[in-house]
Amino acid sequence: MTFQPLRLLAHPLAALAAATVLLAGCASTSKTQESATYDFGPAASSAQQAPAAAQGSIPALVVMDATGPAALENERMYYRLNYADALQARTYANSRWSSNPLQMVTQRFKTRLAQSGMKVLSATDASTGVPILRVEVDDFVHGFSGVSQSEGQLVLRASLFNDHRLVDQRTFSRSTPAGSADAPGGARALAASTDGVAADILAWLGTVNTRKQ
């Protein structure tokens, strides 16, 4: 004969209280994991970094809204484990962009072009003789080449038109190493890649002749 079952039944309220406290602790832990929102941060002055050839070569430019895959038309933050399954795009559960990446890229490019001294116009301001810049984003993702090694990857095509005539088209690509293998690291790396591509576009515009042949 054993008295252990009697001892277990002697304090049912205490056992229930302990279980309740444990469950409450788990629930409170899951609820405290708040979501975070990221953007590219303030656009520091880049006048000193603007390529000399781009300054004044195109006095005014219409910048159209960037286009791209439907996945970039929302605020989700995507990452890709290229070392494991490069075909699967995953999202950070508790991290989002402040607006969709296409809007963020458009606004950053406008800011950088304006900082170079160029007059930046929108589609509604279009007029005859003002060149038009169209951007199509192919890839905008936090890519992992290893478990702890990742990069902010941006690939896009930029097309310059003048009076409905294609002047030139280029593909631009930047891959910036992330300082940490998480959403904050990916956000910073993608911001740096976007600024890098903006500088590349400025340099390209400085070499393009928009006059009619």
[Y] and [X], any side-chain heavy atoms less than 4.5 Å apart:
{"X": "Arg96", "Y": "Ser35", "answer": "no"}
{"X": "Val105", "Y": "Val197", "answer": "no"}
{"X": "Tyr38", "Y": "Leu190", "answer": "no"}
{"X": "Leu102", "Y": "Asp65", "answer": "no"}

Would [X] and [Y] show up in the same hydrophobic cluster when neighbours are defined by side-chain heavy atoms closer than 4.5 Å?
{"X": "Met64", "Y": "Leu121", "value": "yes"}
{"X": "Leu156", "Y": "Tyr78", "value": "no"}
{"X": "Leu81", "Y": "Val141", "value": "no"}

Within the distance-only criterion (no hydrogens, no angle test), does the side chain of [X] pair as donor or acceptor with the backbone N or O of [Y] below 3.5 angstrom?
{"X": "Arg157", "Y": "Thr171", "result": "no"}
{"X": "Arg108", "Y": "Phe40", "result": "yes"}
{"X": "Ser193", "Y": "Gly152", "result": "yes"}
{"X": "Asn162", "Y": "Arg165", "result": "no"}
{"X": "Asp85", "Y": "Asn82", "result": "no"}

Could you walk me through whether Phe109 and Val120 pass side chain to side chain contact (heavy atoms under 4.5 Å, CB included), step by step? CA-CA 10 Å; Phe109 285 178; Val120 178; over 6 Å; no
Identify the two heavy atoms, one from [X] and one from [Y], that lie closest to each other, and give their separation to 0.1 Å.
{"X": "Leu154", "Y": "Phe140", "value": "CD1-CD1, 3.8 Å"}
{"X": "Ser150", "Y": "Ala181", "value": "OG-CA, 4.2 Å"}
{"X": "Val62", "Y": "Ser122", "value": "CG1-O, 3.6 Å"}
{"X": "Leu166", "Y": "Ser159", "value": "CD1-CB, 4.1 Å"}
{"X": "Pro131", "Y": "Ala60", "value": "CD-O, 3.5 Å"}
{"X": "Pro177", "Y": "Ala189", "value": "O-CB, 4.0 Å"}

Interatomic spacing from [atom1] in [X] to [atom2] in [Y] - rounded to 0.5 Å:
{"X": "Gln169", "Y": "Leu160", "atom1": "CD", "atom2": "CG", "result": "10.5 Å"}
{"X": "Leu72", "Y": "Asp138", "atom1": "CG", "atom2": "CG", "result": "10.0 Å"}
{"X": "His142", "Y": "Thr176", "atom1": "NE2", "atom2": "OG1", "result": "10.5 Å"}
{"X": "Ile58", "Y": "Lys119", "atom1": "CD1", "atom2": "NZ", "result": "13.5 Å"}
{"X": "Leu205", "Y": "Arg170", "atom1": "CG", "atom2": "CZ", "result": "10.0 Å"}
{"X": "Leu87", "Y": "Arg80", "atom1": "CG", "atom2": "CZ", "result": "7.5 Å"}

Which residue is it: Ser173, Ser145, Ser175? I am looking for the one with a side-chain contact (heavy atoms from CB on, under 4.5 Å) to Gln153.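 Looking at Ser173, Ser145, Ser175, the match for Gln153 under the side-chain contact (heavy atoms from CB on, under 4.5 Å) is Ser175.
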Under 6.0 Å between ring centres, would you say that holds for Tyr83 and Phe144?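 Between Tyr83 and Phe144, the centre distance exceeds or equals 6.0 Å.
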Run Thr207 and Asp168 through side chain to side chain contact (heavy atoms under 4.5 Å, CB included) and show every step you take. CA-CA 10 Å; Thr207 67; Asp168 197 8; 5.7 Å; no
Is it the case that more than 12 heavy atoms not belonging to Arg76 sit under 6.0 Å from its CZ atom?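 At most 12 heavy atoms, drawn from other residues, nucleotides or ligands, come within 6.0 Å of this atom.
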Start with the C-alpha gap between Arg112 and Asp195, add the side-chain angles, then the distance that decides, and say whether side chain to side chain contact (heavy atoms under 4.5 Å, CB included) holds. CA-CA 8 Å; Arg112 291 306 191 193; Asp195 283 336; 3.2 Å; yes
Apply side-chain contact (heavy atoms from CB on, under 4.5 Å) to Ser99 and list each qualifying residue two or more places apart in sequence or on a separate chain.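 Result, side-chain contact (heavy atoms from CB on, under 4.5 Å) vs Ser99: Gln103, Met104.
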Verdict with reasoning, Leu113 to Leu202, per side chain to side chain contact (heavy atoms under 4.5 Å, CB included): CA-CA 7 Å; Leu113 291 171; Leu202 268 171; 3.5 Å; yes
